[in-house]
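Because the structure is predicted, anything quoted here is derived from the model rather than measured. So that the names make sense, note that chain A is the first sequence line, chain B the second, and so on, each numbered from 1.
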Amino acid sequence: MNYHLKLRGDYELKLMDKSWIEPLYWGSIFLGSGGGGNSEFLTFLLNEQFSKKPTLPLLDLDEIKNESEYATVGLMGSLIEETFPTGFEGINILERAKSSIKSNIDGLFTLEAAGVNILYPILVASLVDLPLIDGDAMGRAFPELHMTTFYFNKHHLIPFVISDSQGHYYDLNEKDIFMLELTARRIVSQQGGYGSFAGALTKGANLKRILIPRTISFAAELGKTFISPGSYSELIENLMMVSKNSLYGTAVELFIGIIERIENIENIDWETITIKGTNTSENSTFKILIKNENLIAYRNNKVAAMVPDLISIVNLETLKPVTNTELQEGMKVSVIGLPAPIALKKEKALEFIGPTAFGYKSRYESLEELYFSYYY
Amino acid sequence: MKGSLIFNIQSNNIILAFGYKKIILALEQFSINSFQAEENLLQSFFTRNGLTSTMVKNVIVIADLSSSINQSLHVGDNLAYFRIAQSPIEFEPISPIVKNTDFNIHTFNLSFPNNPESKLQIKKTLTALLKLSINKIAINSTYSLIHSTNEEQIIEICEKIYPNVFTYYPSYIYNIPNFLLRENVLLLNYLLFNATKSLNFSLDRILKASSLTVPIYFLKGDGTLVNKEEILKYPLLTKQAEFTSYLLGASYYTDQKDAIVIVPDHNQIHLGLVIDQSPKTNNVTMINNLKLPGKYPIFKSFNTIPSDSKLEEALKLLNPFLGSIPVLNLVKKIKKSPSLQYPLLSLPNKQQTQIIGALNAPFTLSVEKTTSLFAVDMKEKEKKHLLDQAMTILKKNNIHLTDMNHQFEANSLRYLEQNLYFFKLTIHGRLT
C-alpha cells in the first residue's frame with residue numbers, strides 16, 4: 001500500500017490509490033465484526049475506477065474546513081447477490097441531497113467504517129471527484145442509523161435521500177434519527193432489501209466533534225496484516241502491533257476452535273455459533289450471540305466479550321477474516337477481540353450501542369476489564 | 001468379473017487401468033499423444049492384459065479439465081458477453097484470468113428484454129458483433145436463477161434479428177444464486193468447452209474402436225462421479241479431480257475413514273483431509289484470485305519439503321478432531337520423524353492410489369428447482385417431485401445404484417422474493 005503525499009498549502013495530503021483496495025477489503029471485513037456485508041464486488045468496481053482516476057485524497061479531520069459542508073453516502077440493508085450498486089446511483093442521490101443547500105459539498109464521509117460502507121463511499125467520492133474524510137460515525141459495523149455518533153451527539157442526519165434497488169428515490173426529513181431509521185428501514189425492506197443513501201450534510205466544525213478520526217486508514221492498516229500473513233502466530237503479532245497504535249486498543253485472541261453448530265433462535269433475529277475448543281482450549285466451549293453482528297461472546301458460559309467491543313472471526317484455513325454468512329460448521333476459526341474506540345464506550349453511547357441496547361440485561365464489561373492481566 | 005475402465009488423464013501422459021473396488025487387474029501408462037492419435041490404444045491394452053470389452057461395465061475418467069484454461073487463453077478467441085442488469089456494471093469480467101492474453105471478451109451492458117429500448121439496443125450490438133466477426137455470445141442476467149426467461153427472451157430476440165448466426169451460452173443453466181459467481185462460472189466454463197469436447201471426442205473414438213458402449217462418468221473435485229453430459233456442460237466441476245482421486249484412494253486403500261493425505265504435485269506438495277471417506281470441501285474455491293462456487297477439496301500447499309515443525313503446524317490446522325489422526329503419505333521425501341506427533345503411513349504407489357480412488361468414488365445426481373411456497377405442506381410435495389424427477393433421470397440413463405440415499409436442501413431466497421425457495425435434491429449411491 002502506498003501513501004502518496006501531495007503538498008497542499010501547509011498540509012501533506014494523503015492519497016488513496018489501487019494499492020489500498022485489498023487492505024481495505026480485509027480491514028472492512030474484520031471491522032464488520034461478522035456483519036457489515038461483503039464488499040467483494042466493490043473491489044472490482046474500485047479497481048476499474050482507480051484505473052481511470054488513479055488517486056483519491058483522504059482528508060484527516062483536522063484538514064477539513066469548519067465552514068464547508070460535507071455529506072455521507074452509503075448502503076443499507078442486506079446487499080443481495082443479484083443486483084448491486086455500481087456507484088452511479090450514489091451520484092444521483094448526492095445531487096438530490098445537495099439541492100437542499102445553497103453551497104457546495106467539499107468532501108464525503110462514511111457513517112460506518114466497516115463492511116460495504118468503507119469501499120462504497122470511496123467509489124462514489126472518486127466518481128464525483130470529492131475527497132473522503134478519514135473517519136466515521138460508528139468505528140465498526142452496526143445495524144441501525146441511530147447507532148452512530150451523530151445520535152449520541154444529538155445531531156440530525158437530514159437531508160437524507162434513499163435510492164432503492166429498483167431505482168426509486170425517497171427524500172426523508174425526520175430530524176429524529178430513530179424515526180429516520182424506521183422510515184428508511186421500511187422503504188429498504190419493502191423495495192428489494194437494500195438501498196443507497198446520501199445526506200447528513202454537516203459543517204466541518206461539527207464533523208470534527210462528531211466523527212471518530214482515522215478509522216479508514218486504520219481499516220487499511222489492519223487489512224494489510226491479512227494480505228500475506230505468513231503463519232497464524234505472525235498474523236496475531238501483527239494484529240496486536242497495528243491495533244496497539246490506534247484509537248481502538250490491542251487485539252486479543254479470545255478463542256481457537258472448530259465451529260460445532262450455527263443455530264437460529266426461532267422468532268427473534270438472533271443466531272448463535274458454538275465453537276468447540278482445540279489446542280490450549282480443548283475442554284472449553286465458546287458461544288457467540290449474533291444479531292447482524294457478533295454482539296456477545298461466552299467462554300464456558302461466562303462473558304468473554306461484549307458489544308461495542310469488536311468480536312471478529314478469522315478462518316484458520318485461509319488466515320483471512322470472515323463475515324458470518326461465510327461461516328460453516330466444521331470450520332476451524334480463531335476469535336479475535338478488539339476494544340472499541342473510547343467514543344463508543346462513553347455512557348451516553350453505551351445506552352444506544354451497548355449490550356442493553358440489543359436487549360441483553362447485563363451491563364457492558366469491556367475487554368480491558370475482562371482480560372485485566374493482558375491489558376495492564 | 002465386470003469392472004470399471006479408468007482413464008487417468010494428466011498433462012503429459014495417460015494411465016489406463018481396469019479394476020473393481022480395491023482390485024486393479026491392469027494398469028499401463030501411455031503418452032498423451034498416443035491417446036489422441038492411436039485409435040487402437042484400448043484394444044492393445046485389452047489384448048496385453050487378457051481383458052475383453054464385455055468385462056467393462058463403465059468408464060471412469062480422472063481429468064482436471066480446469067488445467068486447460070491457460071491453453072484456451074492463447075487461442076485468440078473472441079466472445080461477446082451480454083450483462084443484463086438494472087444498471088451498467090463497469091468492470092472487466094474474469095479480468096485476473098484474461099488480462100494480457102489473446103482471449104477477448106467484448107462486454108455489453110444491456111437492459112432487460114421487457115424494456116422498450118431493449119430490441120433496438122440488441123440490434124445495434126449484434127450488428128457491431130458481426131462487423132467484428134464475433135458469433136459467440138455468453139449471456140448473464142440478474143435473477144436468472146428465478147427468471148430464466150430473461151435470457152431466453154434475449155436469445156429469442158437475437159434469433160429474430162439474425163437467425164442461425166450466433167451461438168449462445170446462457171447462465172441460467174448453472175443455477176447459481178449470485179450474479180458475479182455465475183459470471184465467473186459461465187465464462188470459465190466457456191474457456192474449457194473446446195478442450196472438454198476434444199477430450200470427449202478422443203475418448204468416444206477410442207471406445208468405439210473397441211466396440212465399447214458403456215456409460216462414461218467423470219470424477220468431480222468433490223470426490224463423486226457424474227455422467228459425461230454434466231461435465232460437457234460444466235467442466236469446471238472436475239477442478240482438483242486429480243487431487244481428490246489421491247485423497248479417496250489413500251483412504252480406501254488403507255481403510256482409514258478419517259485421515260490427512262500428503263499428495264505430490266509436480267514441484268509442490270498438497271495436504272488434504274478425508275472425513276468419512278469423502279474429501280473435506282469448501283463451498284468456494286479460487287482460480288487466479290477468481291472465486292468459484294461449488295464443493296472443492298480444502299488443501300494446504302508447500303513449495304518445498306516442509307520442516308517437521310511446519311508440517312506439524314499445517315497438520316494441526318487441517319485436523320478437525322481432538323488428538324491426532326493418521327497421515328497417509330504419498331511423497332517419498334517425507335519420512336517418519338520422532339518429532340512429528342501424527343502417525344505417518346507411507347503408501348507404496350501413487351498411480352494405484354488414484355485408480356483405487358476412482359474405483360470407489362460414489363455417484364451423485366443433483367436436481368434443483370426454485371419456486372415460491374405458499375403452504376406448509378408444499379415443501380414436502382416439492383421434495384417428492386424432485387425425487388421422482390431424479391429417479392426418472394437415473395432410469396433414463398440406465399444408472400443403477402446401491403447403498404442409495406438422498407439429501408434435500410431447502411434454502412430460502414427471501415432476499416430475492418418473499419416465500420421464494422431454492423430446492424436441491426442430491427442422490428448418492430454406488431454404481432453397480
Given that the side chain runs from C-beta out, which part of [X] has a heavy atom under 4.5 Å from chain B: side chain, backbone, both or neither?
| X | result |
| --- | --- |
| E40(A) | side chain |
| I258(A) | side chain |
| F44(A) | both |

I'd like to know whether [atom1] of [X] has more than 12 heavy-atom contacts from other residues, nucleotides or ligands below 6.0 angstrom.
| X | atom1 | result |
| --- | --- | --- |
| Y174(B) | OH | yes |
| K53(A) | NZ | yes |
| K18(A) | NZ | yes |

(request) Against chain A, label L273(B) side chain, backbone, both or neither, depending on which of its atoms sit under 4.5 Å from a heavy atom there. (result) neither

(request) Would you mind checking which part of S144(B) comes under 4.5 Å of any heavy atom in chain A, side chain (CB onward), backbone (N, CA, C, O), both or neither? (result) backbone

(request) Find out whether Q328(A) and N282(B) are in side-chain contact, i.e. whether some heavy atom of one side chain is under 4.5 Å from a heavy atom of the other. (result) yes

(request) Check whether any side-chain heavy atom of F41(A) lies under 4.5 Å from a side-chain heavy atom of I89(B), and answer yes or no. (result) no

(request) Heavy atoms only, distances under 4.5 angstrom: which of V284(B), I275(B), N283(B), L318(B) has the most pairs with chain A? Name it, please. (result) N283(B)

(request) Measure the NZ-CD distance between K280(B) and E317(A) for me, rounded to the nearest 0.5 Å. (result) 4.5 Å

(request) If the plane angle is over 60° it's perpendicular, under 30° parallel, otherwise tilted; pick one for F179(B) and F84(A). (result) perpendicular

(message) Using only non-hydrogen atoms and a strict under-4.5 angstrom cutoff, which residues of residues 291-313 of chain B touch chain A?
(response) K291(B), I298(B), K300(B), E313(B)

(request) Check the pair T86(A) / E90(B) against side chain to side chain contact (heavy atoms under 4.5 Å, CB included), numbers first and verdict last. (result) CA-CA 8 Å; T86(A) 55; E90(B) 298 215 339; over 6 Å; no

